[in-house]
Amino acid sequence: MRNFMVFDVGGTSTKWSIIDESGDFKESNKFDCLNTVDEFFDELIKISNEMKEKYDVKGIAISAPGAVDSDTGIIGGITAIPYIHGPNFKEIITSGTNLTVEVENDANCAALGECWLGAGKNNKDLAFVVCGTGIGGAIVKDKKVHVGIHKHGGEFGYCSINFDLDKSKATNWSQAGSTIALARNVAQLKGLDEDSINGIEVFEMCSKGDKIAIQEVNKYYFIMAVGIYNIQYIFDPEVIILGGAISERLEYVDEINKRLDIMMNSELEGTIKPVIKTCQFGNNANKLGALYNYLQREKN
């Protein structure tokens, strides 16, 4: 059984694991976000070479934020880590390790991880929605991620949820359906500083009977239901998997399903109710998906 070095690059830290080709984890750790691009790549190469010696590592798989071009190894777009945009990950890391490197967007990796071994392991076609400070996601068709011509396939957060004709202003899903928007709306209605509460606290307020929190959480669930319903009729996947910390709440899927039922009992003509599941592997989905992406590209 071959072992692989797998990195999950994040805004505050980079997590890493040694994972074999069946998805079993051998060793894991992380390092804090570094100050310069040279320090960053030096650390990736140093850890990879140490683990290569220890576990006979056969390749390196990377999950990273941004508009990742898996063919070139270059990351476009804008993220919380400016220095990852521009350098060629494949060339730099391969040069320092003599190992093949594959890199893919983090949301795409999470979707692939769930499709490989998680909540979507019995499905070929699925959509993955990241619910958090924004809305992100990915599309998987025939067990392979669909990135699109501009590398924005599955970026559901950009989809317009509402348009105010009076103000000539569109609102996208991330703006309307993020936990930040939820917390901001509750704070404004209560006359509080916008940064005084967060989304998790709003859900706790709701569970304790706070009327304003109940009202806004209800709106939040309807926005999620609208977005999910639209995905079903745009792509028609077998399942839609939800990720992000907020999706781990026990009632989360049930509450969205209740709103879907209300929508589908109205005058909408659609009769296909989306099948919704939550992410099985949590933070490890990115790493598993990065490895699955490596294994898929290795076969091509």
**Item:** Heavy-atom donor-acceptor pair, K52 side chain to T97 backbone, under 3.5 Å
**Value:** yes
**Message:** Test side chain to side chain contact (heavy atoms under 4.5 Å, CB included) on K190 and D210; report intermediate values, then the result.
**Reply:** CA-CA 11 Å; K190 286 181 168 291; D210 185 285; 2.8 Å; yes
**Asked** Looking just at side-chain N and O atoms, do E194 and Q188 make a donor-acceptor pair shorter than 3.5 Å?
**Response** yes
**Prompt:** Is there a donor-acceptor contact under 3.5 Å from the side chain of N286 to the main chain of S63?
**Reply:** no
**Prompt:** Heavy-atom count around K46 NZ within 6.0 Å, excluding the residue itself: above 12?
**Reply:** no
**Request:** For the residue pair K277 and V253, establish whether any side-chain heavy-atom pair is separated by less than 4.5 Å.
**Result:** no
**Asked** For the side chain of N265 and the backbone of D261, is there at least one donor-acceptor N/O pair under 3.5 Å apart?
**Response** yes
**Prompt:** If two hydrophobic side chains count as joined below 4.5 Å and joins carry through other members, does I234 share a cluster with V129?
**Reply:** no
**Asked** Below 4.0 angstrom, N of the basic side chain to O of the carboxylate: do E255 and R249 qualify?
**Response** no
**Request:** Could you walk me through whether S174 and N172 pass side chain to side chain donor-acceptor pair (under 3.5 Å), step by step?
**Result:** CA-CA 6 Å; S174 279; N172 68 33; 4.6 Å; no
**Asked** Quick check: does any side chain N or O of S266 sit under 3.5 Å from a backbone N or O of M263, one acting as donor and the other as acceptor?
**Response** yes
**Asked** Is there a donor-acceptor pair closer than 3.5 Å between any side-chain N or O of Y292 and the backbone N or O of L117?
**Response** no
**Request:** Would you mind reporting whether T278 and I241 have side-chain heavy atoms less than 4.5 Å apart?
**Result:** no
**Asked** Between the side chains of D20 and S22, does any donor sit under 3.5 Å from an acceptor?
**Response** yes
**Request:** Write down the atom of S28, the atom of S17, and the distance for their closest heavy-atom approach.
**Result:** OG-OG, 2.6 Å
**Prompt:** Backbone N or O of N293 within a donor-acceptor pair of the E102 side chain at under 3.5 Å?
**Reply:** no
**Prompt:** Going by the angle between their ring planes, with limits at 30° and 60°, are F203 and Y220 parallel, tilted or perpendicular?
**Reply:** perpendicular
**Prompt:** When clusters are formed by joining ILVMFWY residues with side-chain heavy atoms under 4.5 Å apart, either directly or through shared neighbours, do L112 and F235 land in the same one?
**Reply:** no
**Asked** Name the one of F7, W116, F4 that satisfies ring-ring contact (aromatic ring centres under 6.0 Å, His included) with Y294?
**Response** F4
**Message:** Just checking N283: does its CG atom have more than 12 heavy atoms from other residues, nucleotides or ligands closer to it than 6.0 angstrom?
**Reply:** no
**Joint hydrophobic cluster, Y233 plus M224, side-chain heavy atoms closer than 4.5 Å** = yes
Check residues 144-162 and write down every donor-acceptor pair under 3.5 Å in which the side-chain atom is one partner and the other belongs to a residue at least two apart or another chain.
{"residue": "H152", "atom": "ND1", "partner": "H150", "partner atom": "O", "Å": "2.8"}
{"residue": "S160", "atom": "OG", "partner": "N162", "partner atom": "O", "Å": "3.4"}

**Message:** So I62 and V9, do their side chains get closer than 4.5 Å, heavy atoms only?
**Reply:** yes
**Prompt:** Tell me, do D164 and T171 make a side-chain contact under 4.5 Å, heavy atoms counted?
**Reply:** no
**Message:** What I want to check is whether the side chains of D236 and Q232 have a donor and an acceptor closer together than 3.5 Å.
**Reply:** yes
**Message:** If you compare all heavy atoms of H85 against all heavy atoms of G77, which two are closest, and at what distance to 0.1 Å?
**Reply:** ND1-O, 3.2 Å
**Asked** When clusters are formed by joining ILVMFWY residues with side-chain heavy atoms under 4.5 Å apart, either directly or through shared neighbours, do L291 and V101 land in the same one?
**Response** no
**Request:** Following the transitive rule for hydrophobic clusters with a side-chain heavy-atom cut-off under 4.5 Å over Ile, Leu, Val, Met, Phe, Trp and Tyr, establish whether M205 and L189 coincide in one cluster.
**Result:** yes
**Asked** Do D71 and R297 meet the salt-bridge criterion of a basic N to acidic O distance under 4.0 Å?
**Response** yes
**Item:** K54 and E27, any side-chain heavy atoms less than 4.5 Å apart
**Value:** yes
**Message:** If you count heavy atoms of other groups shown closer than 6.0 angstrom to CG of L250, is the number above 12?
**Reply:** no
**Asked** Distance-only, no hydrogens or angles: does the S13 side chain make a donor-acceptor pair with backbone N or O of C33 under 3.5 Å?
**Response** no
**Prompt:** Got more than 12 heavy atoms from elsewhere within 6.0 Å of NZ, K26?
**Reply:** yes
**Request:** May I ask you to decide if R2's main-chain N or O and E21's side chain share a donor-acceptor pair within less than 3.5 Å?
**Result:** yes
**Request:** Answer yes or no: is there a donor N or O on one side and an acceptor on the other, between the side chain of N185 and the main chain of A181, under 3.5 Å?
**Result:** yes
**Prompt:** Step by step, would you call I135 with V130 a side chain to side chain contact (heavy atoms under 4.5 Å, CB included)?
**Reply:** CA-CA 6 Å; I135 301 293; V130 181; over 6 Å; no
**Request:** Kindly say whether I92 contributes a backbone atom to a donor-acceptor pair with the side chain of S95 at under 3.5 angstrom?
**Result:** no
**Prompt:** Yes or no on side chain to side chain contact (heavy atoms under 4.5 Å, CB included) for M264 and K273, after CA distance, side-chain angles and deciding distance?
**Reply:** CA-CA 8 Å; M264 298 185 74; K273 183 178 178 181; 3.6 Å; yes
**Asked** Nearest heavy-atom pair of S70 and E104: which atoms, and what distance?
**Response** OG-OE2, 2.9 Å
N/O donor to acceptor pairs below 3.5 angstrom from side-chain atoms of residues 120-128, sequence neighbours left out:
{"residue": "N123", "atom": "ND2", "partner": "E238", "partner atom": "OE1", "Å": "3.3"}
{"residue": "D125", "atom": "OD1", "partner": "D142", "partner atom": "N", "Å": "2.9"}
{"residue": "D125", "atom": "OD2", "partner": "K141", "partner atom": "NZ", "Å": "2.9"}

**Message:** Tell me whether R184 is salt-bridged to D195, with the criterion being a basic N under 4.0 Å from an acidic carboxylate O.
**Reply:** no
**Request:** Taking the side chain as every heavy atom from C-beta outward, state whether V202 and V217 have any pair of such atoms under 4.5 Å apart.
**Result:** yes
**Prompt:** Side chains of L99 and V57: closer than 4.5 Å at any heavy-atom pair?
**Reply:** yes
**Message:** Which label fits F40 and F31: parallel for a plane angle under 30°, tilted from 30 to 60°, or perpendicular past 60°?
**Reply:** tilted
